[in-house]
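The structure appears below as structure tokens.
Start at 1 and go down the list; that is how both ligands and their atoms are numbered.
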Amino acid sequence: MFSRSVLIGATLLTSTLAWNTDVHNQIGFMAETFFTSATTSILAEILEPQYNKSVGRSAAWADAYAHTSEGHFSYQWHWIDTHDRAPEYCHLDYSKDCAKGGCVVSAIANQTGILRDCIQDVKSASLSGGTNLTCSYALKWIAHFFGDIHQPLHANGRAVGGNTYKVIFGDRSTQLHAVWDGYIPYFAANVSKPFSNQSIDPFFTGLVSRIRKDEFYTMPYMWLACSDPSTSEECATIWAKESNKWDCDYVYSRVQNNTDLGTSGYATGAVPIVELQISKAALRLGTWLNKLVEGVKYVSEEQEIIEL
Ligand SMILES: *[C@@H]1O[C@H](CO)[C@@H](O)[C@H](O)[C@H]1NC(C)=O
Ligand SMILES: *[C@@H]1O[C@H](CO)[C@@H](O)[C@H](O)[C@H]1NC(C)=O
Ligand SMILES: *[C@@H]1O[C@H](CO)[C@@H](O)[C@H](O)[C@H]1NC(C)=O
Ligand SMILES: *[C@@H]1O[C@H](CO)[C@@H](O)[C@H](O)[C@H]1NC(C)=O
Ligand SMILES: *[C@@H]1O[C@H](CO)[C@@H](O)[C@H](O)[C@H]1NC(C)=O
Ligand SMILES: *[C@@H]1O[C@H](CO)[C@@H](O)[C@H](O)[C@H]1NC(C)=O
């Protein structure tokens, strides 16, 4: 189907790949606020030292890695391309839409399984100090893919995930994917420069406090209806379907490529969607990692019991 590597070769824009890197960092920082102390200390032993024990700081690595020749195999893990017809018809079918070689749903499932082993290794004192790269990568990928799977244009095949759909935003020519990756989050936060990649930004602290105070139009506990890491494929499919639905409900149904999306009302209408999707990503990530740390108990190689 679509070959994004061609596109990347032509544009060399990391923004064509995912929420902007700083937004990924911020989703990770938000997730950290939900960690139990056990999660914080166990994950600190999994990450390489350069991240100073912070999942948020590590959450953008996957984009840079996907653009190296060593990491190119993971490039397609950042999205799932549906074969539907937004905005008329949105439909995600995991078994048909997940490309050979993987997609964001299978990658979350695969890396969750690896990370579970890594957590066992830390618990049994055979891993510390971030010395096992398979483990550090698994955590960094999960932190990143929880962000991606909540970006509506990472769950839609139209126009290469919106990358070739030209639009205008704030007087600039850009494309729809970049609008959702960065322009709208910056618009929502009313900032003119990127967010920090070192610590949580006030806009995201605000989202955390809204999650805790139940100030979204859907209730945060319902976002966790599927949150058992032993059913990772099922949960990730549900989350990708939610994202895909936004492509019909807003992203492509309201877009106009002959008006400025920054001033036409499109951006304003997109703010609650972006805030919701980012908040879901962060709460789900924090909860997922807590459950992995708390719950995993091995019975044998083949059979696992998850205690929650
Ligand atoms: C690393 O994190 C600790 C607290 O977790 C903080 O005190 C320290 O300043 C951080 N170091 C760097 C280089 O950010
Ligand atoms: C699962 O993860 C391993 C280690 O990162 C990787 O080598 C493998 O290709 C992955 N498989 C799938 C289907 O994602
Ligand atoms: C890293 O951890 C994984 C998961 O436990 C394990 O399968 C692998 O053998 C480890 N690699 C090294 C080099 O120890
Ligand atoms: C956005 O920021 C600008 C400049 O920092 C400020 O003048 C303006 O009042 C802000 N708008 C909102 C809606 O907060
Ligand atoms: C973090 O942000 C600073 C300032 O924008 C930038 O110079 C630096 O390259 C970023 N670090 C990473 C790892 O992206
Ligand atoms: C606007 O989008 C439609 C549908 O993708 C396309 O057919 C049309 O050529 C676009 N117009 C411009 C000016 O890009």
Open item on the list: Are F29 and F204 an aromatic pair, judged by ring center distance below 6.0 Å?
Closed with: no
Task: Nearest-neighbour protein heavy atom for atom 6 (C) of ligand 4, which is reported as residue plus atom name and distance - done: N190 ND2, 4.2 Å
TODO: Evaluate the criterion ring-ring contact (aromatic ring centres under 6.0 Å, His included) for residue pair H154 and H177; output intermediate values, then yes/no.
DONE: CA-CA 9 Å; H154 279 250; H177 193 98; 4.8 Å; yes
Task: Residue D121 vicinity, atoms of ligand 3 by number, heavy atom under 4.0 Å - done: 2 (O), 4 (C), 5 (O)
TODO: Identify which of I119, D117, N132 has a heavy atom lying nearest to atom 13 (C) of ligand 3.
DONE: N132
TODO: Measure from atom 11 (N) of ligand 3 to the protein's non-hydrogen atoms and state whether any distance is below 4.0 Å.
DONE: yes
- [ ] Verify, without hydrogens or angle tests, whether Y252 (side chain) and R158 (backbone) share a donor-acceptor contact under 3.5 angstrom.
- [x] yes
Task: Shortest non-hydrogen contact between A143 and A59, atoms and distance - done: CB-CB, 4.1 Å
- [ ] Output yes when a protein non-hydrogen atom is found under 4.0 Å of atom 4 (C) of ligand 5, and no otherwise.
- [x] no
Open item on the list: For atom 14 (O) of ligand 5, tell me which residue out of N25, T21, N197 has the closest non-hydrogen atom.
Closed with: N197
Task: Ring centers of W61, Y65 separated by less than 6.0 Å - done: yes
Task: Sub-4.0 Å protein heavy atom next to atom 8 (C) of ligand 5 - done: yes
TODO: Walk me through it: do K140 and Y51 pass the test side chain to side chain contact (heavy atoms under 4.5 Å, CB included)?
DONE: CA-CA 10 Å; K140 292 190 287 183; Y51 301 106; 3.1 Å; yes
